[in-house]
S.K.: 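Please read through the structure below; I'll follow up with questions.
We number each residue from 1, following the sequence as shown.
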Amino acid sequence: MNPVLIIFLVLALFIFMSSFFTVKQQSSVVIERFGKFHSVRNSGLQLKIPVVDRLAGRVNLKIQQLDVIIETKTKDNVFIKMKVSVQFKVIQEKVYDAFYKLEYPHDQITAYVFDVVRAEVPKLKLDDVFERKDDIAIAVKRELNEAMTTYGYDIINTLVTDIDPDIQVKNAMNRINAADREKTAAEFEAESSRIRIVAKAKAEAESKRLQGQGIADQRREIARGLVESVEVLNSVGINSQEASALIVVTQHYDTLQAIGADANSNLILLPNSPQAGSDMLNNMVASFSASNQVGEMMKKNNKKIEKKPKPIEPQSGYEDDILPETK
């Protein structure tokens with residue numbers, strides 16, 4: 001075969017094959033004819049005129065993310081670093097604007113983010129920056145949408161993903177937070193101690209009340225038992241004085257027996273002679289007699305005071321007639 005024909009066929013095949021190209025999903029291709037914009041081709045198998053048409057570039061239609069780190073200061077003069085993530089995409093109907101109007105879209109978006117953040121953050125204090133970071137993100141998105149829609153870009157979302165103050169400021173904030181929590185813990189501990197003290201005091205008061213009531217009941221029953229014992233002894237011919245002496249002596253020896261029966265009791269010195277009960281009884285009788293005498297004397301004095309005549313006071317208006325000579 002003629003070599004020239006072979007070369008011609010190869011060139012023809014190459015030109016034919018170069019007339020076809022493919023466009024990937026979620027992307028577009030800009031076609032230029034003789035250096036001038038001709039058309040935008042979407043995903044699939046596409047055809048162009050060899051030598052006349054050329055692929056000027058491919059445009060990505062997927063959602064992209066640009067992370068912008070900004071250093072600025074707050075209203076209370078604290079320098080912070082903020083990380084703003086901008087999610088954007090090219091509008092499919094505006095591929096021409098996105099391709100031809102902006103050469104470096106990332107730089108353009110970064111500039112707008114810097115401008116908005118450095119205008120909003122200096123209006124806020126550090127604590128407000130953390131609380132209102134969503135407001136800052138909304139302001140960035142609003143500004144970017146107004147500016148980038150003209151160039152064929154749609155701002156999907158803006159997020160303030162990081163706020164990093166100076167290390168000394170963070171340490172101070174941590175100390176403040178720790179001190180506040182320690183204060184709260186101390187208040188709760190004090191309240192808990194107060195509740196325990198009040199509960200203990202109430203329990204002790206109730207215990208004392210019940211203990212006193214028990215002692216009163218005990219003494220009441222003892223007195224009632226003594227009265228019954230004296231009545232029983234009187235019924236068999238023993239007078240009240242002898243009965244009292246017998247009861248005192250009996251209680252005296254019962255006390256000694258109870259102390260001796262307790263192995264853990266402390267040493268207590270008590271009179272233990274047979275005359276001890278008689279001595280105690282005599283002292284009691286002497287005390288009763290003395291108190292009776294004092295009572296009788298007080299009654300006599302009260303009667304004398306009641307029988308003493310009161311002085312007659314002259315009535316008003318008759319003083320001159322009754323006692324004329326004394327004036």
S.K.: Starting at OG of S39, measure out to NZ of K48 and round the result to the nearest 0.5 Å.
M.R.: 11.5 Å
S.K.: Look up atom NE2 in H38 and atom CZ in R41, then write down how far apart they are to the nearest 0.5 Å.
M.R.: 6.5 Å
S.K.: So, K183 and D180, do they make that salt bridge, N to O below 4.0 Å?
M.R.: no
S.K.: When you look at CD of Q168, are more than 12 heavy atoms from neighbouring residues, nucleotides or ligands closer to it than 6.0 Å?
M.R.: no
S.K.: Rounded to the nearest 0.5 Å, how far does OG of S43 lie from NZ of K24?
M.R.: 12.5 Å
S.K.: Quick one, L66 with V113, criterion side chain to side chain contact (heavy atoms under 4.5 Å, CB included). Give me CA distance, side-chain angles, the key distance, then yes/no.
M.R.: CA-CA 11 Å; L66 175 63; V113 172; over 6 Å; no
S.K.: Which residues pass the salt bridge (Lys or Arg N to Asp or Glu O under 4.0 Å) test with D135, not counting sequence neighbours?
M.R.: R132
S.K.: When you look at CD of E206, are more than 12 heavy atoms from neighbouring residues, nucleotides or ligands closer to it than 6.0 Å?
M.R.: yes
S.K.: Given V52 and F34, is the side chain to side chain contact (heavy atoms under 4.5 Å, CB included) satisfied, shown in steps?
M.R.: CA-CA 6 Å; V52 176; F34 297 115; 3.4 Å; yes
S.K.: Can you see which heavy atom on K141 is nearest to which on I156, and at what distance?
M.R.: NZ-O, 3.2 Å
S.K.: Do the non-hydrogen side-chain atoms of I91 and Y153 ever get within less than 4.5 Å of each other?
M.R.: no
S.K.: Give the other cluster members for V29, using side-chain heavy-atom distances under 4.5 Å between Ile, Leu, Val, Met, Phe, Trp and Tyr residues; answer none if it is isolated.
M.R.: F21, V23, I31, L55
